[in-house]
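Have a look at the structure below, then the notes.
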Amino acid sequence: ALVGLLLAAWGLAALLPMAPRWPLVLQESAITGRSFLFAFGVAFVALQLFGVLPAARLTGPGIGTSLRGTRTTSASVGDLRFRRLLIVGQMALALVLMLGAGLLVRSVYNIINSDSGFNYRGIVAARVMMQGDRAGAGVYFEQLHDRARTLPGVSEVALVDAAPMDGTGDWVRIFVDGERMQAERALGADYRRVTPSYFDLLDIDLVAGRLLQASDGADPVVLINAEFIRKFIPDRDPLGMTIETAPSMGGGTDVTRSWTVVGVVETVQEWGPASIEIPIIYVPHTADPTATMSLLMRSDATANELVDPVRAVVSEVGESPVDGVRALSAYFQESYETQRFMLALIGAFAILAGLLSTVGLYGVMAYHVVQRQREIGVRIALGAASQSVARMVLRQGATLAVLALGVGVAAAVPLARALFALNYGRLLVDMHWFDPVVFTIVPALVLAVATLASWIPARRAARVDPVEALRAEG
């Protein structure tokens with residue numbers, strides 16, 4: 001128990017830096033007195049099941065027979081079946097964990113190679129908080145937009161109140177032509193204040209109508225994304241439609257406002273590639289000014305190289321705090337931190353379970369060879385080839401492995417379906433619950449490792465000296 005707690009403390013220290021920012025309880029995890037009591041209880045139960053009970057069986061009525069025998073006396077059928085059952089259970093559990101880790105590997109791969117609908121590469125974001133009256137925010141940020149375009153190495157500039165994938169954003173209730181959207185269909189929509197250059201900077205495609213223009217000024221015009229249409233108005237032409245936005249618990253506009261839809265853009269995953277597609281409304285920042293905006297810049301320079309130039313430009317327009325300068329690629333990596341953390345956690349358990357099952361299989365097969373040493377010696381003395389003896393042992397090990405694979409896959413299938421049905425935190429992205437790659441490679445890997453674990457005892461069986469085996473029995 002003490003060694004286990006030490007390993008747990010080391011593992012916790014290694015995992016916490018990878019823990020996602022949410023839920024916060026993960027960041028507060030620690031080894032406590034309850035952890036010690038739990039570990040001690042598990043160790044005590046394991047000792048009783050796998051230590052005391054087998055020892056009690058040795059002190060039973062059959063002890064005399066065991067003492068009169070030698071090391072080559074055949075083990076009882078019950079003992080052998082019990083050992084094999086334990087190994088099959090160990091390998092099946094290891095397979096379930098490895099399949100879970102494999103699905104997460106596949107998910108992370110899909111996220112990294114996914115198309116979020118916009119081009120975040122080469123873009124640096126700086127969050128600027130204007131000081132003073134919010135009414136002047138529109139003019140202030142227009143000036144900042146124009147000045148930022150003169151920065152060395154910056155080719156394109158845009159402003160948005162919440163940078164893509166930074167984990168922030170506003171939410172509003174939606175009314176279409178005076179009709180409030182039903183709660184069962186959606187609670188509302190994401191609300192983004194942007195400059196007209198935002199869509200060109202991120203390469204967000206126009207589907208219908210037109211994009212926002214500088215000439216719109218404070219006009220109440222709005223763009224919606226394709227997901228907005230799919231969720232709210234699938235059978236209607238959105239162009240020219242009136243949309244009302246009302247305050248919600250998630251922030252957004254302070255008062256109820258009316259907007260006219262002038263265009264539709266493609267749905268992009270502003271909250272990251274692991275997020276679900278949500279309806280989004282894009283409004284001109286000058287029509288609903290806010291005191292905090294993110295300055296987005298496409299540049300060949302790194303985020304660290306742009307810190308001082310950005311702060312200098314901001315100070316020229318007006319003294320305002322700059323809350324960090326970061327590349328959108330950093331936000332991209334943070335957007336799937338939950339998947340990476342779960343991969344590390346389940347992967348660690350899978351590796352540990354795999355090692356234990358491999359050692360267990362090796363131990364059972366080695367013990368089995370020792371118990372059958374006289375039988376093997378007789379077979380060889382009667383002319384059996386060493387290769388056939390080795391194949392016999394390998395076949396027995398492979399049989400246990402195949403049984404474990406069957407049990408493991410049978411247990412993993414309903415668990416995988418349940419995991420996909422819940423999919424808490426979007427752990428599994430862009431994949432089917434029965435991923436053919438994972439469900440092929442992982443069992444094949446387990447079978448290969450099991451064969452390797454049986455190969456050493458098989459080779460030892462093939463080298464048994466029949467004379468020595470028979471002499472030891474006598």
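Here the structure is a predicted model, which means the values were calculated and not measured. Index from 1, following the sequence.
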Using modelled atom types only, decide if a donor and an acceptor are shared between the side chain of [X] and the backbone of [Y] within a distance under 3.5 Å.
| X | Y | answer |
| --- | --- | --- |
| T267 | E227 | yes |
| Y282 | V194 | no |
| D203 | F118 | no |
| T440 | P436 | yes |
| S197 | V157 | yes |
| T260 | V221 | no |
| E305 | T302 | yes |

Looking at R193 and D170, does any basic side-chain N land under 4.0 Å from a carboxylate oxygen?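 Counted as a salt bridge, because a side-chain N and a carboxylate O are separated by less than 4.0 Å.
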SB check R210 D216 (cutoff 4.0 Å):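 Yes, R210 and D216 are salt-bridged.
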What do the steps show when you test R127 against S294 for side chain to side chain donor-acceptor pair (under 3.5 Å), and what is the final call? CA-CA 4 Å; R127 196 162 180 81; S294 288; 3.3 Å; yes
Regarding [X] and [Y], is there a side-chain donor-to-acceptor distance under 3.5 Å anywhere?
| X | Y | answer |
| --- | --- | --- |
| T168 | D166 | yes |
| R298 | S155 | no |
| W259 | T242 | no |

Given T286 and E142, is the side chain to side chain contact (heavy atoms under 4.5 Å, CB included) satisfied, shown in steps? CA-CA 8 Å; T286 48; E142 281 293 309; 4.1 Å; yes
So how far is it from [X] [atom1] to [Y] [atom2], rounded to the nearest 0.5 Å?
| X | Y | atom1 | atom2 | result |
| --- | --- | --- | --- | --- |
| S357 | Y362 | OG | OH | 15.5 Å |
| F141 | M130 | CZ | CE | 6.5 Å |
| M98 | I441 | CE | CD1 | 11.0 Å |
| M241 | I229 | CE | CD1 | 8.5 Å |

Can you confirm whether more than 12 heavy atoms, excluding those of F349, are under 6.0 Å from its CZ atom? no
Counterpart residues, salt bridge (charged side-chain N to carboxylate O under 4.0 Å, His left out), relative to E316 (two or more places apart):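 Counting only residues at least two positions away or on another chain, E316 forms a salt bridge (charged side-chain N to carboxylate O under 4.0 Å, His left out) with R147.
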The test is side chain to side chain donor-acceptor pair (under 3.5 Å); show your working for T290 and T292 and say whether it passes. CA-CA 6 Å; T290 183; T292 302; 5.5 Å; no
Just do the salt bridge (charged side-chain N to carboxylate O under 4.0 Å, His left out) check on D161 and R192 with the steps written out, would you? CA-CA 6 Å; D161 60 345; R192 304 259 168 171; 5.4 Å; no
Parallel, tilted or perpendicular for F332 and Y120, by the 30°/60° rule? parallel
